[in-house]
Amino acid sequence: MPPAAADTPPANEEQATGAAPAMLDGVDLHALAARLGTPLHVYSAGAIRARIAALREALAGLDALVCYAAKANSNRAVLGLMAGAGLGADIVSAGELWRALRAGIPARRIVFSGVGKTAAEIDAALDADILRFNLESRDELETLDRRAAARGVLARAAVRINPDVDALTHAKISTGRAENKFGVSLDEARGWFAAAGTYPHVRLDGLHVHIGSQILSVEPFRQALRHVDAFRRELEAGGHPIRSIDVGGGLGVRYRAGDRTVAVADYVAAIREALAGHDGRLLLEPGRWLVAEAGVLLTRVVRVKPGATRPFLVLDAAMNDLARPSLYDAWHDIAPVGAARADAERYDVVGPVCETGDTFARDRLLPRCAPGDLLMIRTTGAYGASMASTYNSRPLAAEVVLDGGRYAVVRRRQSFEEMVAGETAADHWENA
Ligand SMILES: *Cc1c(COP(=O)(O)O)cnc(C)c1O
């Protein structure tokens, strides 16, 4: 999806002028915002569990492990929900390893991806005895072999294939083209298997592929998996058994009314078909699809400021709370919570941060708004709070999980003291 298309007026403008429901997972959002303040990240546990159940149902009968991509939303409570449902985790740093283990995800359900794993991170993962390393370079394979040798252990690993497939998504979240930094070519991977004896402390018996995020068609998945399966057959014919295939994540979600997503049943059907000849284990790494639509960001209107072309709707949420619009020109539905005024207005919807990029939407048709109104920015459960920063010295927003009429604050609003924790004045000099 080209970024320029992200903020053109929606096909169905009626939708854009409506109000959002006042209740989510049995909780009154006005009362919640009054009690906990805004901006507030809100997640429905029921919605997340429904996604897990739907994926499980689609996977019935397969030897499959779902490793939730922790970076989508790494709040301890969200990871805890995944742990409780028996899911594993796909991690990309020692910090995520630490979070996943602390949330109760067993090490033997954790896979480790990413191009920049340091020796120290590899050590931490070996010590935890994680399920699998998804390797992305020869240097990483060599490092893993050395670190495993030093510990006298055998590391389980998969090679991440770069299938050179266009995921038809935003350039910044496309990862499966040859020019992207992720994975290795089939030629390179062939070399690893041929030289497997050189790395006696690595059991290289898995294939991994992840071509990008927010994918809205099943075709790129099919193409990538066809490459992977052809390679599996070649390897097995050459005497290299493949015990697991990790199909990555990337399944897209509905950000706006017109978005056509891939049904999870169709996604899994494509996997079943492409990998029908594989009799080992299947790993999946969905992130966004499990949590995005379960989350909303509650925010209040600070003021309506007249502009040269149209008024600015200034919110108390900003790009530091939700970076996707400024980072990817992403569209998020925005709607008043509960009731809306009958007349509509076109706004540039912005946050208070001192950047023109701190814009949630341009020329967006909304019910007329006034200072103090409670709005929701929708579909913020993934890559929302997990990408947040304290830029402009705005403390991290609170996060709350709703579940059948109850709520639990799972991250308290950061205080100024917490925001600067670890900083000191330069008054304790050391000689270098
Ligand atoms: C980010 C990532 C995922 C999850 O992607 P989603 O689009 O959120 O499903 C899965 N696997 C890897 C290796 C990733 O980097």
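Counting convention: from 1, in listed order, for ligands and their atoms alike.
A donor and an acceptor atom, one from each side chain of S113 and R160, are nowhere located under 3.5 Å apart. Side-chain contact check for Q214 and Y255: no donor-acceptor pair (N or O, by modelled atom type) lies under 3.5 Å. Inspection of the H278 and R232 side chains reveals no N or O donor paired with an N or O acceptor under 3.5 Å.
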Can you pull every nitrogen or oxygen pair between ligand 1 and the protein closer than 3.5 angstrom?
from: ligand 1; atom 1: 7 (O); to: S213; atom 2: OG; distance (Å): 2.3
from: ligand 1; atom 1: 7 (O); to: G250; atom 2: N; distance (Å): 3.3
from: ligand 1; atom 1: 8 (O); to: R288; atom 2: N; distance (Å): 2.8
from: ligand 1; atom 1: 8 (O); to: Y383; atom 2: OH; distance (Å): 2.6
from: ligand 1; atom 1: 9 (O); to: G250; atom 2: N; distance (Å): 2.8
from: ligand 1; atom 1: 9 (O); to: G287; atom 2: N; distance (Å): 2.9
from: ligand 1; atom 1: 11 (N); to: D90; atom 2: OD2; distance (Å): 3.1
from: ligand 1; atom 1: 11 (N); to: E285; atom 2: OE1; distance (Å): 2.6
from: ligand 1; atom 1: 15 (O); to: K71; atom 2: NZ; distance (Å): 2.7

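With D316 as the partner, the side-chain contact (heavy atoms from CB on, under 4.5 Å) test is satisfied by one option alone out of L40, L298, T299: T299. Of the candidates W192, F193, F231, H240 forms a ring-ring contact (aromatic ring centres under 6.0 Å, His included) with just one, namely F193.
The shortest distance between side-chain heavy atoms of E399 and Y43 falls below 4.5 Å.
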